[in-house]
Amino acid sequence: MADIEQVREWIAGAAGVAVLTGAGISAESGVPTFRGAGGLWNNYKAEELATPEAFARDPRLVWEWYNWRREAIAKVLPNPAHKALVRLEIDKRIFTLITQNVDGLHDRAGSGKILKLHGDIWRLRCLECGANWPDRRAPLPKLPPHCQCGGVARPNVVWFGEPLPDGMMKEAEHAVESAQVFLVIGTSANVFPAAGLIPYARHAGAKVVEINTDETPYTNLADCSLRGPAGQILPQLI
Ligand code: BV8
Ligand code: ZN
């Protein structure tokens with residue numbers, strides 16, 4: 001309780017707050033995480049499917065995976081953790097939500113200022129003409145889907161070995177610099193450059209608060225690590 005109380009005070013006293021989320025914030029909604037139980041699809045590791053090489057080798061297989069995830073996400077709703085962050089955004093003059101999630105649940109909860117480091121599973125991009133557009137059909141009628149120009153379309157997400165969208169990390173670092181409190185929610189902090197924001201925030205002087213059901217490589221660096229489900233802890237903090 002002391003920790004919850006302490007973090008509540010830090011948040012209440014902060015003009016600026018920044019938040020980094022991972023798959024764990026969507027776990028209580030029923031979205032499978034990457035590394036947790038069930039984090040596998042048909043015995044494929046995410047790193048094996050979420051790569052440009054895998055798509056070049058077998059676009060249909062990769063699309064079957066994204067189609068499965070889109071159908072799983074379309075069936076669920078944002079949970080109290082997503083909703084608490086919407087309230088925090090309303091409360092704070094300076095607020096940025098930085099997410100590694102492509103599931104769109106922050107959008108559906110009502111969050112506004114979202115930096116989607118790794119893209120959006122509900123947008124498609126053409127390999128030929130580079131066009132990208134929203135497509136919320138689940139399931140997709142035809143795999144792989146195609147662009148109006150006839151080109152093959154891919155999910156508009158960032159795959160391993162691909163750079164993040166231009167300027168995205170700069171914007172995220174800027175958001176962390178202007179925060180007195182940095183909430184790190186439901187991420188195993190294994191994927192870079194996203195995980196690098198955690199030590200970056202510490203060095204920028206923000207109070208780093210980790211919320212996770214488990215320890216992570218940055219638990220010792222955090223000013224406070226709250227152990228438990230985000231859907232139960234966040235409503236107590238905000
Ligand atoms: C790049 C989109 C360069 C696709 C994703 C430095 C060191 C080492 C490696 C690298 C490095 N720099 C770059 C690399 C390589 C690589 C990388 O990081 N590899 C890792 C595996 C070691 N990074 C890249 O390739 C990046 N690109 O570096 O480009 C470049 C530059 C110029 C030119 C060319 C190239 C791109 C990385 C992005 C990959 N795309 N997603 C898709 O989603 O399909 S990553 C994907 O996996 C997610 O977006 C997320 O980032 C990651 C999964 O992590 P989490 O979200 O944290 O989920 P996880 O399941 O692991 O953990 C869940 C956590 O929640 C757990 O801690 C659990 O305890 C907790 N939890 C569970 N339930 C709850 C909970 N917590 C609270 N409440 C609960 N209820
Ligand atoms: Zn096209």
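Note: hydrogens, waters and symmetry copies are ignored here, and every other heavy atom, side chains too, is used. Indexing begins at 1, ligand by ligand and atom by atom, following the structure's order.
Each of the atoms 78 (N), 79 (C), 80 (N) of ligand 1 lies under 4.0 Å from some heavy atom of E28. Of all atoms in ligand 1, numbered sequentially from 1 with element shown, those under 4.0 Å from a heavy atom of T187 are 55 (P), 57 (O), 64 (C), 65 (O), 67 (O). Atoms of ligand 1 found under 4.0 Å from any heavy atom of A23, numbered from 1 in the order shown, are 55 (P), 56 (O), 58 (O). Set against the non-hydrogen atoms of G186, the atoms of ligand 1 under 4.0 Å away are 63 (C), 64 (C), 65 (O), 76 (N). Close approach of ligand 1 to Y66 is summarised as follows: ligand atoms under 4.0 Å from at least one heavy atom of the residue are 4 (C), 42 (C), 44 (O). Close contacts between ligand 1 and Q100 involve ligand atoms 48 (C), 49 (O), 50 (C), 51 (O) [criterion: under 4.0 Å to a heavy atom]. Numbered from 1 in the order shown, with element, the atoms of ligand 1 that lie under 4.0 Å from a heavy atom of G22 read 56 (O). With ligand atoms numbered from 1 in the order given, ligand 1 contributes 73 (N) to contacts under 4.0 Å with heavy atoms of A27.
Angle subtended at the Zn ion (ligand 2) by C149 SG and C126 SG: 100°, rounded to 10 degrees. Rounded to 10°, the angle that SG of C129 and SG of C147 form at the Zn ion (ligand 2) is 110°.
Residues D223 and R202 are paired through a salt bridge, judged by an N-O separation under 4.0 Å between the basic side chain and the carboxylate. Ion pair E53/R57 not flagged as a salt bridge, since none of the NZ, NE, NH1 or NH2 atoms sits closer than 4.0 Å to an Asp/Glu carboxylate oxygen. Under a 4.0 Å N-O distance rule, the pair K116/D107 qualifies as a salt bridge.
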Self-check item: Derivation of the side-chain hydrogen bond (donor to acceptor under 3.5 Å, both in side chains) call for H82 and S26
Solution: CA-CA 8 Å; H82 297 105; S26 297; 3.3 Å; yes

Quiz item: Could you walk me through whether T21 and T99 pass the side-chain hydrogen bond (donor to acceptor under 3.5 Å, both in side chains) check?
Solution: CA-CA 5 Å; T21 63; T99 189; 2.7 Å; yes

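Using a 30° and 60° split on the angle between ring planes, W63 and F55 fall in the perpendicular class, above 60°.
Taking the side chain as every heavy atom from C-beta outward, L140 and Y66 never approach each other to under 4.5 Å. Between M168 and V158, the closest side-chain pair of non-hydrogen atoms is not below 4.5 Å.
At under 3.5 Å, a nitrogen or oxygen of H118, whether backbone or side chain, sits near a nitrogen or oxygen of ligand 1. Residue L164 has no nitrogen or oxygen atom sitting less than 3.5 Å from a nitrogen or oxygen atom of ligand 1, judged on distance alone.
Comparing N212, T51, L20, D103 by heavy-atom distance to atom 67 (O) of ligand 1, the nearest is N212. The option from I121, T213, T219 that lies nearest to atom 71 (N) of ligand 1, judged by heavy atoms, is T213. Checking F192, W65, F160, W159 against atom 28 (O) of ligand 1, the nearest heavy atom belongs to F192. Ranked by closest heavy atom to atom 25 (O) of ligand 1, the top entry among G161, A189, A195, A230 is G161.
Contacts between S188 and ligand 1, counted as non-hydrogen atom pairs separated by less than 4.0 Å, involve both the backbone and the side chain. Within the 4.0 Å heavy-atom criterion, both parts of V191, backbone and side chain, lie near ligand 1. Contacts of E162 with ligand 1, taken as heavy-atom pairs under 4.0 Å, involve the backbone alone. Residue I25 does not touch ligand 1, judged by heavy-atom distances below 4.0 Å.
R125 forms no cation-pi arrangement with W133, by the criterion of a distance under 6.0 Å to the ring centre and an angle within 45° of the ring axis. Under a cutoff of 6.0 Å and an axis angle of 45°, R69 and W65 form a cation-pi pair.
When hydrophobic clusters are built by joining Ile, Leu, Val, Met, Phe, Trp and Tyr residues whose side-chain heavy atoms come closer than 4.5 Å, directly or via intermediates, L49 is grouped together with V152.
In terms of modelled atom types and a separation under 3.5 Å, the side chain of E210 and the main chain of V184 share no donor-acceptor contact.
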